[in-house]
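Okay, structure first, notes after.
Within every chain, numbering begins at 1; the chains are lettered A, B, ... in the order of the sequence lines, protein sequences first and strands thereafter. Since the structure is predicted, the reported quantities are computational estimates derived from the model, not experimental observations. Computed over heavy atoms, backbone and side chain alike; hydrogens, waters and symmetry mates excluded.
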4 protein chains.
Amino acid sequence: MADRAAARRRELVMSAYKVFSTKGYRTSGVADIVREAGVSHGTFYNYFDSKRHILDGVLDYAVELLLTGVIEEDQPQEAATLAELADQFRAMLGRLFALVEDQPGLVQFTMLDAAAIDDELVGRLLELISSFGVLATAYLDNGAERGFLPSDLDTKIAGEGLLSLMMSAVIPSLRGPVTADDRARHIDALVGLAFGGIAAR
Amino acid sequence: MADRAAARRRELVMSAYKVFSTKGYRTSGVADIVREAGVSHGTFYNYFDSKRHILDGVLDYAVELLLTGVIEEDQPQEAATLAELADQFRAMLGRLFALVEDQPGLVQFTMLDAAAIDDELVGRLLELISSFGVLATAYLDNGAERGFLPSDLDTKIAGEGLLSLMMSAVIPSLRGPVTADDRARHIDALVGLAFGGIAAR
Amino acid sequence: MADRAAARRRELVMSAYKVFSTKGYRTSGVADIVREAGVSHGTFYNYFDSKRHILDGVLDYAVELLLTGVIEEDQPQEAATLAELADQFRAMLGRLFALVEDQPGLVQFTMLDAAAIDDELVGRLLELISSFGVLATAYLDNGAERGFLPSDLDTKIAGEGLLSLMMSAVIPSLRGPVTADDRARHIDALVGLAFGGIAAR
Amino acid sequence: MADRAAARRRELVMSAYKVFSTKGYRTSGVADIVREAGVSHGTFYNYFDSKRHILDGVLDYAVELLLTGVIEEDQPQEAATLAELADQFRAMLGRLFALVEDQPGLVQFTMLDAAAIDDELVGRLLELISSFGVLATAYLDNGAERGFLPSDLDTKIAGEGLLSLMMSAVIPSLRGPVTADDRARHIDALVGLAFGGIAAR
DNA sequence: AATGAATGAGTCTTCATTCAT
DNA sequence: AATGAATGAAGACTCATTCAT
């Protein structure tokens, strides 16, 4: 049955995600994955051609986590005013911090580990970043349409910039636990920077 | 003589940089490095304890390239007005683009490849990013002191944000050559974003 | 019913013959055989204990092809004169060439592939060659009895020699297609060699 | 030094020959070869790209054994009469028997085992057989030139036939030890067959 | 009688590192 | 100080076979 197979696949992908995000891709062996999943080597190779092959699925899973964890109900079209957009941005930053705290290996795996495997994966990651940028752009386009953002704003580049600011917020978390206070300061400062620039009154 | 030894060391580091930034650290073997340097395996191990060990030197070298290539004469204290600071930012972005074009592997190696080796190196990289952030902060502190930036600006976080914006500018270059026009649009948009936020008039 | 089972068996043997004579025994997997036969792995093992086990059946089938294809109606007792025996030899060579052309993998499989499996199979093959030799001997014994061959001819060894000459004719076909002309030259030369030796006037 | 390397190479080839001709290529592991040679796995791969790769060298070595063991001083041009050629043929058959007895795995490895590895090796083997055939042809051409063999003899095909007769002599040895008497009978009968055909007076 | 998912022992190959010369 | 041949631990992958359904 296809259901059973799909379940096994997902089971293996989740095991691999767990292993990879904990030990790193290179350090992890197929043996670690199958031990985690409780199946044999042979079963692994019934579902994936190679260790490299399952990585694609793992990355998909990680992206799924990121998207559902950060975007959630804050859809691009929902903001009607600049303040509402700022609130969305603020909320997303909050959820991103929470996600990074909950899944310590997620960012390191997605951003750093996966990028060192091979050129194809670098390509996929860049494409991924690009599509996240497009997503960010959609929020700005909504603002421009509704008139609460300047019509001459280069929403594409600004979107990428917003995304980048979000990533910069996450970097300190990679070094270790961040206090709630630090987190709040970061969120405030970044919202301020994003919406008013460094020279904001 | 120590001079000779230091020269050999540097020679090996530069060979390793060339190899790593071309093929990646994991894919490159000690054999590649010694072939590039024209010495034997044994010689390599006379100067470095391990393949991992030379990576530290290579990373230092890469940072040296980044610092000298991007900062150059634009020192933190030099800007006397907001416009001059913007010019500095603009100039640095320009030199960053040029550097990335000239050394295609540099960013990928520094940001992506090196980060996937081990936790110690991740730590070093984060520290590096942090020190770049501190550098960025110095520019903003100068502005706050001279009074052309708001005194309540969180210069630390804003500095990290500026750095992150610079990095975001570079990402498209990883995918392939970027036209001069694109580059100019990026620089304009990012300077606008950094100094006025997305809502700038 | 046993009939149904026997049919399945034969079906599997023929699939295995097709697969083995195309890809070779070692390179072929049980998966190839069952795919060719359109049954499952489990069914295969209902009929054969192992991959090695079906090989016995495949070899039988190959021998059947060889015997029916080459001997046909030219039975040992039918030649009444030396010239008739030569005609028989000639006819068999012709049919051997035709068979090799029609079933390119047959000889390679029987002679080369099967012989590299294990000692037991080498034994079976040698026995097979021996029984072919006995068959060849029967033709010579008929000649000796009827008086058109020397009575002191060592028919056993000469029979094996004849067989060997037939095999030598086939070797070039293993390398690729042989022209009709080449085939004719081979047949003529080999008949001459067999019946008159190299020094025949 | 190239000498040392060449010696190691040969050492490994001879170990591999020993192992392959005893256990067969597929059954033998690289582990067996390096154990026999007393070196490490790594060393093996310093000299050969793969297990398959050393097989080429082993086959060369086997051919070397065959050529030096069977031909020895009996060069093509040496026979001045038909009787002398027959003596050469007889002597070679004798040495072939001796070689097969001395190196039981040689023929099985060369003829059977090697032929089941891959198509490239089958090609090489067929080429080898062909070159042996050319060698046999040289003996017959010498006879034709000197006038003790018919000028219209198809020396190429007859040469291949002679070779094949020699091989047929060896087949019984593959099954087990052959008595001196049997050997003598084989030699007599095959010389008779080769030189006078089955119908010789 | 048929299915096909699961098994896991077995093998090749890589490459950082050592050390005798 | 330099050489480079030798090392061997480590790990990915295959495939004949089993057995619960």
Output the rounded distance in Å from CZ (A:R4) to P (E:dT3). 18 Å
Roughly, in whole Å, what's the span from CD1 in C:I33 to C1' in F:dA16? 11 Å
Encoded 5' to 3' (Watson-Crick or G-U under 3.5 Å; [ ] crossing; | other strand), DNA chain F becomes .||||||||||||||||||||
Quickly work out the B:F48 CZ to F:dA2 P distance and round it to whole Å. 12 Å
Between D:S40 and F:dT7, is there a side-chain N or O to OP1/OP2 distance below 4.0 Å? yes
How close or far is atom P of E:dA6 from atom CZ of A:R9, stated in whole angstroms? 13 Å
I'd like to compare against my own output: the B/S/- annotation of nucleotides 14-21 of chain E with a strict under-4.0 Å heavy-atom distance to protein. BBSBBB--
Whole angstroms only, please: what is the CZ-C1' distance between A:R8 and E:dA6? 8 Å
Derivation and outcome, side chain to side chain contact (heavy atoms under 4.5 Å, CB included), residues D:I54 and D:R9: CA-CA 9 Å; D:I54 200 177; D:R9 246 190 109 83; over 6 Å; no
Not counting sequence neighbours, which residues clear ring pair (Phe, Tyr, Trp, His ring centres under 6.0 Å) with B:F109? List them please. none
A:F44 six-ring face occupied by A:K51 cation (under 6.0 Å, within 45°): no
Spacing between C:I54 atom CD1 and F:dA16 atom P, to the nearest angstrom: 12 Å
With under 30° as parallel and over 60° as perpendicular, where do the rings of C:Y17 and C:Y61 fit, or are they tilted in between? perpendicular
Would you kindly give the CG-to-C1' distance between D:L12 and F:dA5, to the nearest whole Å? 12 Å
Does the distance from a Lys or Arg side-chain N to an Asp or Glu carboxylate O, for B:R124 and B:D60, drop under 4.0 Å? yes
Under 4.5 Å between any side-chain heavy atoms of B:L128 and B:L125, yes or no? yes
Any non-hydrogen side-chain atom of A:M111 less than 4.5 Å from a side-chain atom of A:L174? no
What does C:Y47 touch in the nucleic acid at a heavy-atom separation under 4.0 angstrom: a base, only the sugar-phosphate, or nothing? sugar-phosphate
Of A:D113, A:D118, A:L121, which meets side chain to side chain contact (heavy atoms under 4.5 Å, CB included) against A:L55? A:L121
With a 4.0 Å cut-off on N to O distance, would you call D:R8 and D:E11 a salt bridge? yes
